[in-house]
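Both ligands and their constituent atoms are indexed starting at 1 by order of listing.
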Amino acid sequence: MGAILAAAGSAVGLGNIWRFPYETGNSGGAAFILIYIACILFFGLPVMIAEFTIGRHSRANTARAYQILAPGTQWRWVGRWGVLTGFCILGYYTVVAGWCLEYVIDSATNAFANKVSADYVEMFNSFVSNPWKPAVLMTLFMLATHFIITKGVQKGIERSAKILMPVLFILLLFLAVCSITLPGASAGIDFLLKPDFSKVNADVFLSALGQTFYSLSLGMGCLCTYASYFRADTKLPNTALSIASIDSLVAILAGFIIFPAAFAVGINPDAGPSLIFITLPNVFTQAFGDIPFIATALSLMFYILLSLAALTSTISMHEVVTLYLHEEFNLTRKKAAGIVTIVCGFIGVLCALSFGPLKEYTFFGKNLFDMFDFVTAKLMLPIGGFFIAIFTGWFLDHKVLRSELSPCRTLHPYIYRAIIIILRYVAPAGIAMVFLNELGLLS
Ligand code: TRP
């Protein structure tokens, strides 16, 4: 149960509440969401089942898992690729987690009171371009992750996730109601529910694919590592379905908070990574402007819960990389964790400052932060997922697959066949097509 909760904790995080709305906003709304849901069904779920299978059967860290299941082959590079991806995501993910900490402080000091929408935009911009604050808060968050990884208090986090996640969920539900009832919110609801396929292009498909892997923590061996702690009789397909459902529900709820409010106060939905930070304070102040105490309490609670949701996600990434260094290079856990924290912290500082002092350093028109986001979510994770699907569908012994997918032979044979067909053909071909389409080779 602990391991399953931890996997859910890993999946639910900034990816759902921060990244999903901003990708949806960039990609035009409802049509993106439909494509995203299709991606979850055809790529996310099967790859999650594949990661679970690899992890539970090998009972090892993600790189070793391939050596155990396919000894002497090059498949171990899929594991190593995952570790590299983990390094890169953790580096810039903690930057956004640091922004959440800033918003915890702002809530506690009542900084949102008596302001209007334009002020929140200004507040965000001046904060992220500050020459040191974002880097310090990011470092703090990284150290908190480091502390939990080295002190081995993950169990405590898992247990608290059991309470925190439902509380976060209820709060999101409540905020969604507040947002939907703001005057002028209906344009936001249309944006979420009325698909406009004329805006769908190759980029939208790639965004949806990337968001699927990102939000479900797939493609880098994260859930594979957690599955190595699952019980032998845990039903993998059912567990995958539950985690994917919870994760998507949280993301969609976040959409129902952000877009009605954004349209109500006139914020462009394609504001990018700043979207939730410039939109949400409006919900608190507009809905509860007359009762400032409630506005403060709600926003404080929200940003604390969001930071904790981010923490269960950073722990999962840190753990994958730490475990790899610890087991493969015979380092002590402490040393391994230290290396991860320092290297990722370095990436994090650079990304944290890429809206301020380092904003001149751009690649293909993107600053460092956006670059890391793009390369990890839209390239590295889908590539990892592609190979995980191929490995499980084509190379893994079918006896192993059958016994892992249905240890008690309770899985319906049709569902089993469907999973195999998707892993063998649909997922690899689909992912490849999204890439080819993006490169303009399909049109
Ligand atoms: N899924 C997490 C989120 O939504 C982020 C995350 C944690 C992640 N572990 C991962 C993303 C592994 C990709 C791979 O916030």
Side-chain angles (χ1 to χ4, degrees), residues 3 5-24 36 39-40 43-44 47-48 50-52 55 61-62 78-79 81-100 141-142 145 148-149 154 157 161 164-165 168 172 209-227 240 243-255 273 276 305-324 340 344 372-385 388:
L5 263 178
S10 163
V12 174
L14 297 172
N16 311 58
I17 295 168
W18 160 73
R19 200 172 187 285
F20 175 79
Y22 108 62
E23 281 288 61
T24 306
Y36 171 67
C39 283
I40 291 192
F43 310 139
V47 171
M48 192 186 297
E51 282 206 24
F52 282 170
N61 76 55
T62 176
V78 179
W81 177 255
V83 173
L84 180 70
T85 313
F87 258 114
C88 297
I89 302 184
L90 185 58
Y92 88 92
Y93 191 94
T94 41
V95 173
V96 187
W99 297 351
C100 295
F141 203 92
M142 189 68 91
T145 309
I148 292 168
I149 293 281
Q154 279 103 320
I157 290 284
L164 294 174
M165 272 201 292
L168 176 67
L172 289 174
L209 179 71
Q211 179 60 21
T212 301
F213 284 98
Y214 195 97
S215 188
L216 294 175
S217 302
L218 294 176
M220 61 152 277
C222 202
L223 295 188
C224 170
T225 305
Y226 277 5
I243 294 180
S245 313
I246 295 173
D247 191 76
S248 316
L249 212 60
V250 171
I252 305 243
L253 260 183
I276 74 156
L305 286 171
L306 185 59
S307 307
L308 289 169
L311 191 60
T312 51
S313 300
T314 53
I315 291 170
S316 73
M317 287 180 256
H318 203 302
E319 176 66 28
V320 172
V321 189
T322 300
L323 194 65
Y324 170 75
V340 180
C344 293
F372 266 91
D373 188 51
F374 178 87
V375 171
T376 53
K378 293 185 186 172
L379 301 179
M380 296 180 86
L381 292 177
I383 291 174
I388 290 169

Those protein residues which place at least one heavy atom below 4.0 Å from ligand 1: S10, A11, G13, L14, G15, N16, I89, Y93, Y214, S215, S217, M220, C222, S313, S316, M317, L381
Check: L381 and L218 side chains under 4.5 Å, non-hydrogen atoms: no
Any residue meeting side chain to side chain contact (heavy atoms under 4.5 Å, CB included) with A251, in chain and number order, not counting sequence neighbours: N16, F20
Main-chain N/O of G15 paired with Q211 side-chain donor or acceptor, under 3.5 Å: yes
With L172 via side chain to side chain contact (heavy atoms under 4.5 Å, CB included) - residues at least two apart: I17, L168, V250, L253, I257, F302
Residues that S316 engages under side chain to side chain contact (heavy atoms under 4.5 Å, CB included), provided they are two or more places apart: S10, C222, Y226
pair M142-C344: side-chain heavy atoms closer than 4.5 Å: yes
